[in-house]
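Okay, so here's the structure we're looking at.
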Amino acid sequence: MNFSRFLARRLGYSIFVLIGLSIVVFIIARMVPGDPARAALGPRASQEAVDKLRDKLHLDESLVVQYAYWIKSVFQGDLGESLLTRRPVIEDIKEFLPATLELALFSGLFMAFFGILLGILSARHSNTWIDNLIRIFAYIGIATPAFVVAIILLLVFGMYYQVFPTIGRLSQWVDAPTKITGLITLDSLLTGNLTAFFDALKHLMLPAFSLALGGMFQEARITRSSMLENSKKDYVSAARSYGIPERTVIFKYLFKPSIIPTVSILGLDFASLMGNAFLVELLFNWPGISRYGINVMLRKDVDAIIAVIMVLGIVFTLINIIVDIIVAYLDPRIRLVERGD
Amino acid sequence: MILSPKKSKRTKSGKAWYKFSRNPLSVVGLVIVLFVIFSALLAPWVTPYPAHSGKYVNYEEANLSPSAHHLFGTDVFGRDVFTRTIYAFRSSLIMGIVVLAIVVPIGVTLGLLAGYFKETWIDVLIMRITDIFLSVPPLILALAITSVLKPNLTNAMLAVSVMWWPWYTRLVYGMATSLRNEYFVQSAELLGASKFHVLFKEILPNCLSTILTKMTLDMGWVILIGASLSFVGLGEQAPKAALGSMVADGAKYLPEYWWISVFPGLAIMLIVLGFNLLGDGISDLFSMEEA
């Protein structure tokens, strides 16, 4: 299997796309009407400060030259300074990114796990009331924006029944685990701090579910239809006619080929998940890079905006590569095609 | 069973409407969409307090819970939430229509060109740019574009358009690459038809049903992304009513005055649901015609 070539080509292409993205984002950032430096510093800043920033961003040069300077400093590890936090943007990213990764990881897991579970359930009981019930919930779940789901969950489980906390990543009385990866659940497990682990898990529940709900039902619908399609195939009838128990047929023969489309669509669902994180983090006061992203956008904090989008672009690209690898693993035909090239 | 999807497949003949109406869900979708469109058009006549749609303050009636007088309650300024929700349909629909009107011609033309000239520099150029725009979740770049410009409805529509055309390019590209090898396209070429004729008169008509289905579904999604922009204050500006900003404003007063944000939130869901169901119905209709 020529897996390394497949991976190398996939990575190479992703790097090309990310360079393209950086150009697009750079142009957007320079689209600020009027003087970007003045817009960034605000009307009360002194002319001297504005001139200094203009000089630093090379705003008097052409756009191409500005981009060249910018990309050079990026490779030197300098993403500029945030006007919002008055710190190097790279420090902000380091601080806020893990919270978003943790949230995205958990809602991705919810999405895949419950989506596939519901899909199998409705395929197994297709055209019964169970299937129809899941279908109705799916229509509603897919159509409800994540921020509306978040508000309803906040109201019901956060405020009315108070089962789950609604703000931040940890309760105030819980000692945060030593920072290793930045993912509180993982760090607390690594340091054996179970109190923090369960507290962090509780804090994750509502925001992760708000983000997962739409994608979850999408996954369920796709799993259902591909399960039903595959179950008509000869090899499945053969397995059934040998008297193999239904459970074994489903999980041993039907499961693997049937979740291929589900996994491929996961990459797409991650797009809406990451977009929606911008709104959901705001609602749950989640100290992640998306909430930071919204704040720097509202502040027209140009360097930070570019950095946030690029970092999320990289994360999104990596997720899609991982999805492709999983699909290639699940579907031998894709691997064979790559070898044939 | 109300929801049996198999039923609709039995009718092969008959009028389109008959086929369409076989699936109750499609009819529900159509009813929702018509309801939204007509209530938006007739907002001044169907809402109880048209004055509340804009700048209006009456603190004596602020934060009233839902009742017969105020179906969805009132907000912190004493404005009727029901009236504002119906008025907000207007900017939502404008958003959907304008964005699609910009995005579809551009995306479809680029997709046709790239697909027809497959494996030439035109294909490479168009599709690589498409990939770049699809490399980041659309909401994130749309947020960034609107934020650097002046936040208002026009710029929100512009930003969403910038992010939305690649989907049509990719959709049409796939169809055009396979259609260009069909006999009817080749015979048109042999008869000396111009490239323009081949692209827009031969290939395009065969893509229309898919494009139309996607447009119906996208109305819902564009309205949703527009609501997301207005949720963070980057869409239609106060005091005008917009669903996203109404949800956001109400969120500050949870849980006491839950109605201020929950009803506009459910309204967004209703619109998206309506267009999704309608889109599914239209898609079934076309796939039946082909069968």
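Each chain gets a letter, A, B and so on, in the order its sequence line appears, and its residues count up from 1. None of the values given here were measured: they were computed from a predicted structure.
Contacts of A:Leu279 with chain B are made by both backbone and side-chain atoms, with heavy-atom separations under 4.5 Å. The contact between A:Asn276 and chain B is made by backbone and side chain atoms together, counting heavy-atom distances below 4.5 Å. Only the side chain of A:Met159 comes within contact range of chain B, with heavy atoms under 4.5 Å apart. Contact of B:Phe133 with chain A is made through the side chain alone, with heavy-atom distances under 4.5 Å. No part of A:Ile306 comes within reach of chain B, as not one of its non-hydrogen atoms sits under 4.5 angstrom from that chain. Both the backbone and the side chain of A:Val17 come within contact range of chain B, judged by heavy atoms closer than 4.5 Å. Using a 4.5 Å cut-off between heavy atoms, A:Leu268 contacts chain B through its side chain alone, with no backbone atom that close. B:Ala227 touches chain A through backbone and side chain together, each having a heavy atom under 4.5 Å away. Contact annotation for A:Ile28: both backbone and side-chain heavy atoms come within less than 4.5 Å of a heavy atom of chain B.
To the nearest 0.5 angstrom, A:Leu283 atom CG is 4.0 Å from B:Phe231 atom CZ. Interatomic distance, B:Leu143 CG to A:Leu298 CG, rounded to the nearest 0.5 Å: 9.0 Å. Once rounded to the nearest 0.5 Å, the distance linking CD1 of B:Ile140 with CD1 of A:Ile305 reads 13.0 Å.
Between B:Met269 and A:Val148, the closest side-chain pair of non-hydrogen atoms is not below 4.5 Å. Residues A:Tyr139 and B:Leu277 form a side-chain contact, since some pair of their non-hydrogen atoms from C-beta on lies under 4.5 Å apart. Annotation: side chain of A:Tyr160 is not in contact with side chain of B:Pro255 (no heavy-atom distance under 4.5 Å).
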Walk me through it: do B:Asp131 and A:Phe16 pass the test side-chain contact (heavy atoms from CB on, under 4.5 Å)?
CA-CA 10 Å; B:Asp131 285 346; A:Phe16 160 79; 5.9 Å; no

Using side-chain contact (heavy atoms from CB on, under 4.5 Å), reason through A:Phe147 and B:Ser228 one step at a time and then give a plain yes or no.
CA-CA 8 Å; A:Phe147 61 91; B:Ser228 306; 3.6 Å; yes

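Here the closest non-hydrogen pair linking A:Ile151 and B:Ser261 is CG2-OG, 3.9 Å.
Of the residues B:Val136, B:Ile132, B:Ile129, the one that meets the side chain to side chain contact (heavy atoms under 4.5 Å, CB included) test with A:Val24 is B:Ile132.
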